[in-house]
Amino acid sequence: MSARSSFRGSKFRHVFGKPASREQSFDGLPITRSVHDTHCCAVNPAFIAVVTECSGGGAFLVLPINHTGRVDPLHPRVCGHRAQVLDVKWNPFDDHCIASCSEDCTVKVWDIPVSGVQQDLTWATKTLMGHSRRVAVIEWHPTAENLLLSSAYDYKVLLWDLSQPGSVLRCPVRVVMMPLLYRCPSEALLLSVAFSRDGSALAIASKDRRIRILDPRMGKILQVSSRGPHRASKVLFISDKMLLSTGYSPWNQRQIVLWDPEDLSEPMYEEDLDGAAGVLFPFYDPDTNMLYLAGKGDGNIRYYELSAEKPYLRFVTEFRSLLPQRGLGVMPKRGLNVKACEVYRFYRLICVKDLVEPLSMIVPRKEVDLYPLTAGNQAAMTAQEWLKGVNRGPVLMSLKPGTRVCNPYPELVPERGLNRQPSPHWIHMEPDLTIQLKIILKMFRKGSFLSCECDFLLTALLCCAQAFYEEQLSYQDLKFSHEVSDLSGWTVDETFLPLWPYCCTPHCCEPTERPPPNTESELLQAFYKQQEEIRELRERLNQKEERISQLEIEIKVTRNNMRARF
């Protein structure tokens, strides 16, 4: 009774969803129609990124968070991928850094200028080339900077250290999971991944619909759920003592299940929701203990309140809309409107209207404890500290204006320009560029154009373009140092041995991963080997008639033998 009475006295029982108007939404976005079960949207206090439909490659839009209203169809995009983009994630410690994964087998990390994307961005700061099939899942480490996890359909789960020098990285710092000899395990094909609050544990939901708890440093499996009736598709850490998963029951009912991370043999709590087919996306707010469930293709979002004691989960209410959502982005707590009593904010992707609609969760009263200390945008440690075994929780911040919380951890050397300012050249050139464009239009209308004026205006435009390019290069220099990372104590993983058996998978024939030839002799050897293979294939092709006749004779002999036996 005490648990239920605490629920009844909750200050969140009157929370409601307030959708933004059409003018305060992002209208005219060609949202992707991909069937991949990702959010396809990422938000931070500065920008919003949305994966879009694109022909001849993959692209996504990056817009300033206040750039609402009708979006120009010719707005510049981030279009460096050669195939469809599957998901995007903002760096939690850098509002101008975003990672994207694609069907072109790569993960790219981009630096977004302070003024936004002013022209098509095709040059990535970092390109991660360690997968041989499409990359489906990416996730940033919650407390250590420059650590990114990626999972692909080649059954590899890799952890990358982005502080390493070079614009192209081929060797990850950790191989969390990998396929065994002559085997493609379904547990290595991830559907969902979630770090614990301090990043010391990793929860995954795999293709075999089971849940596993891993040590992300060593790749060791700590806990595995039983082959029960629950088929998990998404997983989420609630706390160190509770894990949540969404999936389906044996009767194809959508289901939410609570687990004990230290014992996954039996669930702590199960609840069936409905019989819809869309995947349930769980979102948890650790500051308010509120759980939000939004289904792909649904128009509603359910709110629950969680407790560490039974009955654990209590339904509060739900937001309903006639417009179905393709995916959702979530604004970090530091980007909320505290004065309006906003405790959570979604960005719903509505494909039928080409609309991204902000949805604010409002508590209709002011309470001091509505906004406790929350995770900020400062990393608790470096990637090398975490790789050596250090565990730290997130650095907390206060949402009250003018309040500063002391950092309990040693201050890190700034490698990123969080307080970036636009380039001085760009500031001075931008007004001149506007005036010069007006002059060009007037001259075109009058039909009077002198060669000297053309040269002057073209020179000014080239200076503006050069200043913009130098600005993007300066961001990379500010963000990534060129010092070699200290990887003492790191031993070479078996994954990098030359006997990595990708060419022996039972259902497909993947090419063996080898570095390209560097010298002229190696290139000639590769060329002669390829010519020999082509010659052998031509010989087989010329002998196809003889081989077909041999097989027909063998079939006739086999049939005669079978008839003789029966």
Side-chain angles (χ1 to χ4, degrees), residues 19-20 22-44 47-65 67-90 98-110 112-113 116-124 127 131 133-138 150-153 191 277-279 281 294-299 321-331 346-359:
R22 194 88 175 190
E23 293 76 16
Q24 297 174 345
S25 303
F26 300 87
D27 193 7
L29 292 178
I31 302 171
T32 178
R33 263 67 174 177
S34 172
V35 297
H36 201 71
D37 292 329
T38 56
H39 300 303
C40 298
C41 179
V43 189
N44 64 23
F47 298 102
I48 178 173
V50 180
V51 181
T52 59
E53 281 291 311
C54 181
S55 60
F60 60 95
L61 271 172
V62 176
L63 300 171
I65 200 65
H67 187 78
T68 56
R70 188 74 179 177
V71 178
D72 186 2
L74 301 179
H75 191 281
R77 307 186 186 191
V78 183
C79 51
H81 285 284
R82 294 176 297 172
Q84 187 176 19
V85 177
L86 297 181
D87 199 11
V88 290
K89 292 287 177 63
W90 287 105
I98 188 171
S100 61
C101 60
S102 170
E103 291 184 350
D104 63 0
C105 312
T106 63
V107 179
K108 292 181 181 289
V109 181
W110 310 85
I112 306 300
V117 180
Q118 303 293 334
Q119 60 183 9
D120 287 345
L121 190 59
T122 59
W123 180 77
T127 301
H131 295 284
R133 284 193 174 184
R134 57 178 177 174
V135 185
V137 177
I138 53 174
S150 64
S151 173
Y153 279 74
L191 302 178
V279 175
F281 295 118
K296 180 180 177 181
D298 296 355
S321 173
L322 298 177
L323 301 175
Q325 59 223 2
R326 162 65 182 86
L328 300 100
V330 176
M331 173 66 74
F346 291 101
Y347 286 80
R348 302 174 62 233
L349 305 186
I350 303 173
C351 291
V352 296
K353 296 288 186 178
D354 289 338
L355 182 72
V356 178
E357 178 188 64
L359 175 65

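As the structure is a prediction and not an experimental result, all values here were calculated from the model.
Counted by atom type alone, D27 and S25 present zero donor-acceptor pairs between their side chains at under 3.5 Å.
The two residues C40 and T32 come nearest to each other via the heavy atoms SG-CG2, 3.8 Å. Minimum interatomic distance between A294 and L328 (heavy atoms only, all atoms of both residues): CB-CD1, 3.6 Å. Of all the heavy atoms in F281 and R326, the pair that sits closest is CE1-O, 4.5 Å. Here the closest heavy-atom approach between residue I112 and residue F47 is recorded as CG2-CZ, 4.0 Å. Across every non-hydrogen atom of C101 and V137, the tightest pair is SG-N, 4.5 Å. Pairing each heavy atom of V85 with each of G58, the nearest pair is CG2-C, 3.7 Å.
Checked by atom type and distance alone, the side chain of S102 pairs as donor or acceptor with a backbone atom of A83 at under 3.5 Å. T127 places no side-chain N or O within 3.5 Å of a backbone atom of K108 that could act as its donor or acceptor partner. With hydrogens and angles ignored, the 3.5 Å screen pairs no side-chain donor or acceptor of Q119 with any backbone N or O of P76. For T38 (side chain) and L86 (main-chain N/O), a donor-acceptor pair under 3.5 Å exists by modelled atom type. With hydrogens and angles disregarded, no donor-acceptor distance shorter than 3.5 Å links the side chain of R82 to the backbone of G80.
Rounded to the nearest 0.5 angstrom, H75 NE2 and T52 OG1 are separated by 11.5 Å. Atom NZ of residue K296 and atom NE2 of residue H39 lie 11.0 Å apart, to the nearest 0.5 angstrom. The CG atom of L121 sits 8.0 Å away from atom CZ of F60, with the distance rounded to the nearest 0.5 Å. A distance of 8.5 Å separates CG in L349 from CG in L29, rounded to the nearest 0.5 Å. Note that the OG1 atom of T106 and the NE2 atom of H131 stand 10.0 Å from one another [nearest 0.5 Å].
When the options L359, I48, V330 are evaluated for a side-chain contact (heavy atoms from CB on, under 4.5 Å) with Y347, the one that passes is I48.
For the salt bridge (charged side-chain N to carboxylate O under 4.0 Å, His left out) test, residues two or more places apart in sequence or in another chain that qualify with K89 are D87, E139.
Ring geometry, H36 versus Y153: the interplanar angle falls from 30° to 60°, so the pair is classed tilted.
Residues L191 and D37 fail the side-chain proximity criterion, which asks for heavy atoms closer than 4.5 Å. Two residues are said to be in side-chain contact when any heavy atoms from C-beta on lie closer than 4.5 Å; D298 and Q325 meet this criterion.
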Just list the side-chain donor-acceptor pairs under 3.5 Å for residues 350-357, sequence neighbours left out, or say none.
unit_1, atom_1, unit_2, atom_2, d
E357, OE1, R348, NH1, 2.7

May I have the step-by-step check of side-chain contact (heavy atoms from CB on, under 4.5 Å) for I31 and F26, ending in yes or no?
CA-CA 11 Å; I31 302 171; F26 300 87; over 6 Å; no
